[in-house]
Amino acid sequence: MSTPRIVVIGSGFGGLFATRKLRKANVDITLIAKTSHHLFQPLLYQVATGILSAGEIAPSTREILRKQKNVQVILGLVVDIDTENRIVHWRNHNRPEQTPYDILIVAAGAGQSYFGNDHFAVFAPGMKSIDDALELRARIFGAFELAELETDPGEIEKLLTFVVVGAGPTGVEMAGQIRELASHTLRGEFRNFDPAKARVILMDGADRPLPVFGEKLGDATRDALEKLGVEVRPRSIVTNVDGESVTIKSLDSGEETRIDTVCKVWAAGVQGSELGKVLSERTGVELDRAGRVVVAPDLTIPGHPEIFVIGDLMSVPGVPGVAQGAIQAADFVADQIVARTNGRAPKATAFAYKDKGSMATIARFKAVVSMGNLKLTGFPAWFAWCFLHLLYIVGFKAQVGTLLHWFISFVSNARSERTTTNQQMVGRLALEQLGTGSSGRLVAGEEVRSTTDDSSPETDDDSALSEADEETRDRDETLDAPGK
């Protein structure tokens, strides 16, 4: 009997932990990921605000798995899944490839949702990738730099107004760090204005920040943010975003308010990977409103026991889109696969999520923790947050580097990762205009015309795009993917 071929799509918590759990199994694993790293997404906001470097929260997937001999790591963007013939189609830049499988684990994650207003993304980046965090870093620090050049008080005020949309953990943490950056880190560095006068506005449609944490911790979070100087606007939704402003609507009064601001951060809503649509088209599986795959109790696609969907792409009642959900699903699926290959019964036939609690940091020495009946705020919660996040960072080097940067930032208010470039700020938008397959042609020295320029004639290369490229033009998941 031949060795079972396992293909894992994605190197996040679900994909990586499932792969590692299968290290002793008699299987051949191919892990295909659109990035070269395993991203510790909960700390992206610290990259965006200059506390941590990208490498400290995104160690190389290949290095993590170097000692696991039954796995091959491939950098590629999955563009299609032939579920009938069990073949995954992917590409690295403009080089198409395919990999057959006996068992498929789809852990492709989720992206940002703008609730049908995708044009907001031009002016209000989300925070789901290293590229997103570096772009936001360039936008945040760039706003302060532009304010130093301005003489018009109104323009300075606009540049120093930061709006964070979404008051979940990411939004709360981002708002708190921008406030601390302005009030402490940048103090005395500018001559034309006082950074401490910057406005940081956090808005959400819910009644209070961190609604899933409950009323008590949500109110405590709001109090802590307001003491820092963050303006919290609950029960407010965004109706428009442009380069110069955000328009919000009160759910209570119905009144709309325009806020002049250049730098916006979108931390509201998630949308399942485009591979969810691919699986739905190929298998008929149901998707929920967020584009996530509605899986069977054993996390397979109904009618396809060889395909598992885990992590943020799976839709399971009661399972939140957090790291623990992905990790526990990875453990469950790994046991299912080992049971099949060894001819034994699995430990469980249906996935059961165990809620280990939630936590979010607000600012230096301030956090909230909810673990069952245990509710913590302030320094004890912040210490618990630091300990557990450090524990889940993969790799000793990354853990040590993170600890050192935390020590510097929390003791002195200094931030050592403040380097920004123009490329970080505009790279995403430029690649979107250039279109699918552009990076491969750019590095080959070929001419690439903007796909938004209707007056430009097609180049020979454009007309010769592969059939796979044409079919998947709208399926690319990320701008830092090698297929871009």
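On a predicted model such as this, the values are computed, not experimentally measured, just so you know.
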Trainee: For Arg95, I'd like to know if atom CZ has over 12 heavy atoms of other residues, nucleotides or ligands within 6.0 Å.
Mentor: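 Open.
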
Trainee: Tell me if a side-chain donor or acceptor on Thr247 pairs with a main-chain N or O of Arg258 at a distance below 3.5 Å.
Mentor: no

Trainee: Are there over 12 heavy-atom neighbours, none belonging to Phe115, within less than 6.0 Å of that residue's CZ?
Mentor: yes

Trainee: With no hydrogens and no angle check, is any side-chain donor or acceptor of Ser370 less than 3.5 Å from a backbone partner on Ser358?
Mentor: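 The answer is no, because no donor-acceptor pair under 3.5 Å joins these two groups.
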
Trainee: Heavy atoms only: give me the nearest Asp260-Ser245 pair and the separation to one decimal.
Mentor: OD1-CB, 4.0 Å

Trainee: Using the ring of each side chain (for Trp, its six-membered ring), is Phe13 parallel, tilted or perpendicular to Phe40, with breaks at 30° and 60°?
Mentor: perpendicular

Trainee: Any chance the side chains of Glu173 and Gln177 put a donor and an acceptor closer than 3.5 Å?
Mentor: no

Trainee: Evaluate the side-chain contact (heavy atoms from CB on, under 4.5 Å) criterion for residues Leu44 and Leu39: first the C-alpha distance (whole Å), next the side-chain angles of each, then the deciding distance (0.1 Å), finally the verdict.
Mentor: CA-CA 9 Å; Leu44 267 177; Leu39 177 61; 4.0 Å; yes

Trainee: Which heavy atom of Gln424 sits nearest to which heavy atom of Thr420, and what is that distance?
Mentor: OE1-CA, 3.3 Å

Trainee: Which of these passes side-chain contact (heavy atoms from CB on, under 4.5 Å) with Ile178: Val164, Leu136, Val230?
Mentor: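 Exactly one candidate clears the test, Val164.
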
Trainee: Using modelled atom types and a 3.5 Å cut-off, is there a donor and acceptor pairing between side-chain atoms of Arg62 and backbone atoms of Val73?
Mentor: yes

Trainee: Distance-only, no hydrogens or angles: does the Trp266 side chain make a donor-acceptor pair with backbone N or O of Ala268 under 3.5 Å?
Mentor: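 Yes: the side chain of Trp266 pairs with the backbone of Ala268.
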
Trainee: Check Thr185 against Asn413 and note the closest heavy-atom contact, atom names and distance.
Mentor: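 It is OG1-O, 2.8 Å.
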
Trainee: Look at Lys277 together with Glu281 and state whether they make a salt bridge at an N to O cut-off of under 4.0 Å.
Mentor: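 Salt bridge: no.
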
Trainee: Should the heavy atoms of other residues, nucleotides or ligands under 6.0 Å from CD of Gln423 be counted, would the total exceed 12?
Mentor: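 No, not enclosed.
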
Trainee: Kindly indicate whether the side chain of Val278, heavy atoms from C-beta on, has any atom under 4.5 Å from the side chain of Val78.
Mentor: no

Trainee: Run Arg233 and Ile259 through side-chain contact (heavy atoms from CB on, under 4.5 Å) and show every step you take.
Mentor: CA-CA 12 Å; Arg233 300 198 181 188; Ile259 301 172; 3.7 Å; yes

Trainee: Would you say Ser280's side chain and Gly276's backbone share a donor-acceptor pair under 3.5 angstrom?
Mentor: no

Trainee: So, taking the atom named CZ in Arg364 and the one named CD in Glu180, what distance separates them when rounded to the nearest 0.5 Å?
Mentor: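 Rounded to the nearest 0.5 Å, the CZ-CD separation comes to 6.0 Å.
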
Trainee: Could you check whether any side-chain heavy atom of Gln46 comes within less than 4.5 Å of a side-chain heavy atom of Ile57, counting everything from C-beta outward?
Mentor: no

Trainee: Quick check: does any side chain N or O of Ser236 sit under 3.5 Å from a backbone N or O of Pro234, one acting as donor and the other as acceptor?
Mentor: yes

Trainee: Please walk me through it: do Trp406 and Trp385 pass ring-ring contact (aromatic ring centres under 6.0 Å, His included)?
Mentor: CA-CA 12 Å; Trp406 279 355; Trp385 179 92; 5.6 Å; yes

Trainee: Take Arg292 and Asp312, measure what side-chain contact (heavy atoms from CB on, under 4.5 Å) needs, and give me the verdict at the end.
Mentor: CA-CA 8 Å; Arg292 296 172 298 191; Asp312 288 348; 5.8 Å; no

Trainee: Mark yes or no for whether Lys264, through its side chain, and Val262, through its backbone, hold a donor-acceptor pair below 3.5 Å.
Mentor: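 At least one qualifying donor-acceptor pair exists.
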
Trainee: How many angstroms lie between CD1 in Ile327 and CD1 in Ile310, if you round to the nearest 0.5 Å?
Mentor: 10.5 Å

Trainee: Counting only heavy atoms not in Lys356, do more than 12 sit closer than 6.0 Å to its NZ atom?
Mentor: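 Incorrect, the count does not exceed 12.
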
Trainee: Just by distance, do the side chain of Thr61 and the backbone of His38 share a donor-acceptor pair under 3.5 Å?
Mentor: yes

Trainee: For a quick test of reading the model, state the closest non-hydrogen atom pair linking Glu417 to Arg137 and the distance between them.
Mentor: O-CZ, 3.1 Å

Trainee: Under a 4.0 Å threshold between the charged nitrogen and the carboxylate oxygen, would Glu447 count as salt-bridged to Arg449?
Mentor: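 Salt bridge: yes.
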
Trainee: Pro209 pairs by side-chain contact (heavy atoms from CB on, under 4.5 Å) with which of Asp219, Val172, Val368?
Mentor: Val172

Trainee: When rounded to the nearest 0.5 angstrom, what distance separates OG in Ser113 from CZ in Phe120?
Mentor: 11.5 Å

Trainee: Let me confirm one number: the CG-CE distance from Asp132 to Met127, rounded to the nearest 0.5 Å.
Mentor: 8.5 Å

Trainee: Using every non-hydrogen atom in the two residues, find where Ala108 and Leu275 come nearest and quote the distance to one decimal.
Mentor: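 Answer, listing the atom of Ala108 first, then Leu275: CB-CD1, 3.8 Å.
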
Trainee: Do Tyr353 and Val316 have side chains that get closer than 4.5 Å, going by heavy atoms?
Mentor: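 They are not in side-chain contact.
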
Trainee: For Glu189, I'd like to know if atom CD has over 12 heavy atoms of other residues, nucleotides or ligands within 6.0 Å.
Mentor: yes

Trainee: Quick check: closest heavy atoms across Phe162 and Ile140, and the distance to 0.1 Å?
Mentor: CE2-O, 4.0 Å

Trainee: Is a side-chain donor or acceptor of Gln112 paired with a backbone partner of Gly269 at a separation under 3.5 angstrom?
Mentor: yes

Trainee: May I ask you to test the Arg91-Thr436 pair for a side-chain heavy-atom distance under 4.5 Å?
Mentor: yes

Trainee: So which of Val163, Val165, Asn117 actually passes side-chain contact (heavy atoms from CB on, under 4.5 Å) with Val238?
Mentor: Val165

Trainee: Going by heavy atoms in the side chains, are Glu244 and Phe123 under 4.5 Å from each other?
Mentor: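 A side-chain contact under 4.5 Å is absent here.
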
Trainee: Does a side-chain heavy-atom distance below 4.5 Å link Leu160 with Phe193?
Mentor: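 Heavy-atom side-chain distance check passes, below 4.5 Å.
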
Trainee: Find the distance between CG (Leu279) and CG (Leu287) and round it off to the nearest 0.5 Å.
Mentor: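 Reported value, rounded in 0.5 Å steps: 8.5 Å.
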
Trainee: Between Asn192 and Ile156, is any pair of side-chain heavy atoms under 4.5 Å apart?
Mentor: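 Asn192 vs Ile156: side chains touch.
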
Trainee: Quick one: do Thr239 and Glu256 satisfy side-chain contact (heavy atoms from CB on, under 4.5 Å)? Show the steps, please.
Mentor: CA-CA 8 Å; Thr239 59; Glu256 287 197 345; 3.5 Å; yes

Trainee: Any donor-acceptor pair under 3.5 Å linking the side chain of Glu155 with the backbone of Ala147?
Mentor: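 Not confirmed, Glu155 side chain does not pair with Ala147 backbone.
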
Trainee: Rounded to the nearest 0.5 Å, how far apart are CE of Met371 and CG of Leu388?
Mentor: 6.5 Å

